[in-house]
Amino acid sequence: MRTATLGPAERGEALARMADQELDVLVVGGGVVGAGTALDAVTRGLETGLVEARDWAAGTSSRSSKLIHGGLRYLEMLDFVLVREALKERGLLLQRLAPHLVKPVPFLYPLKHRAWERLYAGTGVALYDGMSLSSGHGRGLPAHRHLTRRRALRVAPCLRKDALVGALQYYDAQVDDARFVTTLVRTAASYGAHVANRARVVGFLREGERIVGARVRDMETPSGEKGADFEVRARQVVNATGVWTDETQALIGERGQFHVRASKGIHLVVPKDRIHSTTGLILRTEKSVLFVIPWGRHWIIGTTDTDWSLDKAHPAASSADIDYLLEHVNEVLAVPLTRADVQGVYAGLRPLLAGESDATSKLSREHTVAHVAPGLVVVAGGKYTTYRVMAKDAVDEAVHGLDQWVGPCVTEEVPLAGAVGYQALWNARARMAKRTGLHVARVEHLLNRYGSLAEEIVERIAEDPTLGEPLTYADDYLRTEVVYAASHEGARHLDDVLTRRTRISIETFDRGTRCAREVAELIAPVLGWGPEQIDKEVRHYEKRVEAERESQLQPDDLTADAARLGAPDIIPL
């Protein structure tokens, strides 16, 4: 089976096909749950469409802690069902579904008290490992281990000696969340799903009480131009819009059966040399936990957990948020971090099922699926790691509304694009480096971003050797990768490439402004841009970075939100 290409022509064809036929299932929302739902539906043999108002993973699904984990802290809440479910999914992703994208990562938990804390925390971590093995998909990660203070300081010399009396080390997994979603979408398209980003649902179609489809606006066509809106008819529609669930539900003019509340989490990105450690860290705070996560040549530090009721498209990190993270991580670091060490900052919103608690950290991380109206299914809540279970439950619910036999979920057995053949290529990476002329570290970088699809990247370099050169001011990435983002991965704008197809926007101190024009000029031929559009894209991106920097100087959410909204979207919603 050939992996689908998500270029401009394929997007146009997908929109045309959705407009010309009745679908079995139309999925609204291109985050991890929506993409997973589309893959689940199409691999059951259903005629499937997927639309997203902005870019794939533009919301929550590109702004997470980038962890695939069982949720060790949920054990403390006695939520054994959620933890077991997540550990099973972690194992599936590591071993079968996406070994090229999901990787093991070690964490050190410093102990501050002698006997009782080691017993308490050690029991929890042992249970965590045991539940992983009992799920049937837990092998492949090392077991946890107990460390003395001396041994802990050997693996994490960054820690203050008085910050711990010993430590525990255990393993979880991590992922480039935005890349994972794009890969999910490509996999769904490879099995026949019609997928289009920058396609916004502006209303639902009704016949009596029944929802029979949606009215969709092609956001790449000016909204006032005749023909910009079209109808997509579907026997079942799935609303998988995360923190926008309530707004999407409002389009049918009825109050939803449940509500989603947004919780803001912010993360800092700092260079690898600022924290001397061979392992990630997990630290307890007064409200939750704090992670220091290895991320290539960087560390990700996060996260916060606060209520958010302002702009959902661009949640802003305030100065108070940044200070909170720096203050807590500096409690254990021998050499404290300062604002000058921060390369990147990003903020995301968790879609939590609204409950009685005022504290978002106590709201449910579980998910809910409901048939809120005939023909309309809503899936909400949950966590990134369990996206596949959420998708299965959503499609199961949609199938109840179809008057036909539909096969069971098969996504446990469907590897994502790039997974098949990855391990063989990884074993032969030195040979691949010799064949292509790339350094073996470059080959490893490509394999861990594209898996076996790295061969497509290499073919382009053979055709045009200049594409094998690194970007001038973001040399972790090759020029060919940004071209591929537009030609194969659905990137429609400069922001899509710098923020989600690559992570240049958070991995460089200039946040991508110095390489913006080079990237825009590389993708311009693919997207049909002239000099005027190139200038517009670069100006927009520079204004976005300026607005983000300004918001991060503001003292609170209200002022940070106002500052961030000073930069409009390239395509206004």
Side-chain angles (χ1 to χ4, degrees), residues 4 6 14 18 23-54 56-61 85 89 92-93 97-98 177-178 180-197 199 201 204 211 213-214 216 232 234-245 248-249 260 351 366-373 375-402 406-414 416-417 490:
L6 304 183
M18 283 189 277
L23 303 173
D24 293 318
V25 176
L26 172 65
V27 183
V28 183
V32 70
V33 176
T37 301
L39 178 60
D40 189 294
V42 76
T43 52
R44 297 196 200 196
L46 298 172
E47 195 70 40
T48 304
L50 171 65
V51 292
E52 159 60 39
R54 297 188 294 157
W56 306 123
T60 303
S61 294
E85 180 179 79
E89 295 304 309
L92 280 170
L93 290 165
L97 303 184
D177 47 8
F180 186 90
V181 173
T182 299
T183 306
L184 265 179
V185 174
R186 288 189 72 184
T187 308
S190 299
Y191 284 97
H194 312 299
V195 304
N197 54 356
V201 169
F204 288 107
I211 303 299
V216 178
V232 178
R235 298 165 66 196
Q236 292 286 310
V237 177
V238 177
N239 174 6
T241 52
V243 294
W244 287 273
T245 297
T248 308
Q249 286 299 101
V260 172
E366 295 185 14
H367 67 275
T368 292
V369 174
H371 236 123
V372 295
L376 179 61
V377 172
V378 175
V379 54
K383 57 201 294 281
Y384 198 107
T385 302
T386 56
Y387 82 90
R388 196 193 62 81
V389 179
M390 296 173 68
K392 173 186 178 298
D393 291 348
V395 177
D396 283 346
E397 187 66 31
V399 165
H400 289 316
L402 296 175
V406 177
C409 172
V410 297
T411 52
E412 274 196 34
E413 307 294 334
V414 178
L416 302 194

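Since this is a predicted model, take the numbers as computed values, not measurements. The residues of the chain are indexed from 1 along the displayed sequence.
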Legend entry - Value rounded to 0.5 Å, distance of OH in Tyr387 from CG in Leu93: 5.0 Å
Legend entry - Sole candidate of Val195, Val51, Val216 that passes side chain to side chain contact (heavy atoms under 4.5 Å, CB included) when paired with Met18: Val51
Legend entry - Given Val201, Thr37, Thr248, Ile211, the one that forms side chain to side chain contact (heavy atoms under 4.5 Å, CB included) with Asn239: Thr248
Inset, instruction - Specify the closest pair of heavy atoms between Ala380 and Val260, including all atoms of both residues, with the distance to one decimal. - result: CB-CG2, 3.6 Å
Inset, instruction - Keeping the roles fixed (side chain from Asn197, backbone from Gly490), state whether a donor-acceptor pair exists under 3.5 Å. - result: yes
Legend entry - Tyr384 side-chain N/O to Val32 backbone N/O, donor-acceptor pair under 3.5 Å: no
Legend entry - Reported CG-to-NZ distance for the pair Leu39 and Lys392, which is rounded to 0.5 angstrom: 14.0 Å
Legend entry - Which atom of Leu50 lies closest to which atom of Gly30, heavy atoms considered: CD1-CA, 4.5 Å
Legend entry - Min side-chain heavy-atom separation Ser61-Asp177 under 4.5 Å: no
Inset, instruction - State, yes or no, whether a side-chain contact exists between Val28 and Val237 at a heavy-atom distance under 4.5 Å. - result: yes
Legend entry - Salt-bridge contact Arg388-Asp393 (side-chain N to carboxylate O under 4.0 Å): no
Inset, instruction - Return yes if some donor-acceptor pair links the side-chain N/O of Arg186 with the main-chain N/O of Ala4 below 3.5 Å, else return no. - result: yes
Legend entry - Distance (rounded to the nearest 0.5 Å) between Leu97 CG and Thr183 OG1: 12.5 Å
Legend entry - Which residues share a side-chain hydrogen bond (donor to acceptor under 3.5 Å, both in side chains) with Thr43, sequence neighbours left out: none
Inset, instruction - Output the distance between atom NZ (Lys383) and atom CD (Glu89), rounded to the nearest 0.5 Å. - result: 10.0 Å
Inset, instruction - Please name the pair of heavy atoms, one in Leu6 and one in Ala189, separated by the smallest distance, quoted to 0.1 Å. - result: CD2-CB, 4.0 Å
Inset, instruction - Enumerate the residue pairs fulfilling salt bridge (Lys or Arg N to Asp or Glu O under 4.0 Å) with a member in residues 24-35, sequence neighbours excluded, ordered by first and then second residue. - result: Asp24-Arg235
Legend entry - Side chain to side chain, Pro351 and Thr60, heavy atoms closer than 4.5 Å: yes
Legend entry - Heavy-atom check, side chain of Leu376 versus side chain of His371, under 4.5 Å: no
Inset, instruction - Taking the side chain as every heavy atom from C-beta outward, state whether His367 and Val369 have any atom pair closer than 4.5 Å. - result: yes
Legend entry - Closest non-hydrogen atom pair, Ala398 against Val238: CB-CG2, 4.3 Å
Legend entry - Contact check, side chains of Gln236 and Leu23, non-hydrogen atoms, under 4.5 Å: no
Inset, instruction - Mark yes or no for whether Thr48, through its side chain, and Val25, through its backbone, hold a donor-acceptor pair below 3.5 Å. - result: no
Inset, instruction - Please tell me if the side chains of Arg44 and Val395 come closer than 4.5 Å, counting only heavy atoms from C-beta onward. - result: yes
Inset, instruction - Quick one: closest heavy-atom pair of Val27 and Ala240, and the distance? - result: CG1-CB, 4.4 Å
Legend entry - Donor + acceptor pair across side chains of Glu47, His194 (<3.5 Å): yes
Inset, instruction - Carefully, step by step, assess Trp56 and Leu184 under the rule side chain to side chain contact (heavy atoms under 4.5 Å, CB included). - result: CA-CA 10 Å; Trp56 306 123; Leu184 265 179; over 6 Å; no
Inset, instruction - Would you indicate whether the side-chain heavy atoms of Val33 and Val379 approach each other to under 4.5 Å? - result: yes
Legend entry - Main-chain N/O of Gly382 paired to Thr386 side chain as donor or acceptor, under 3.5 Å: no
Inset, instruction - Could you pull out the closest heavy-atom pair between Ala57 and Ala178, with the gap in Å? - result: CB-CA, 4.0 Å
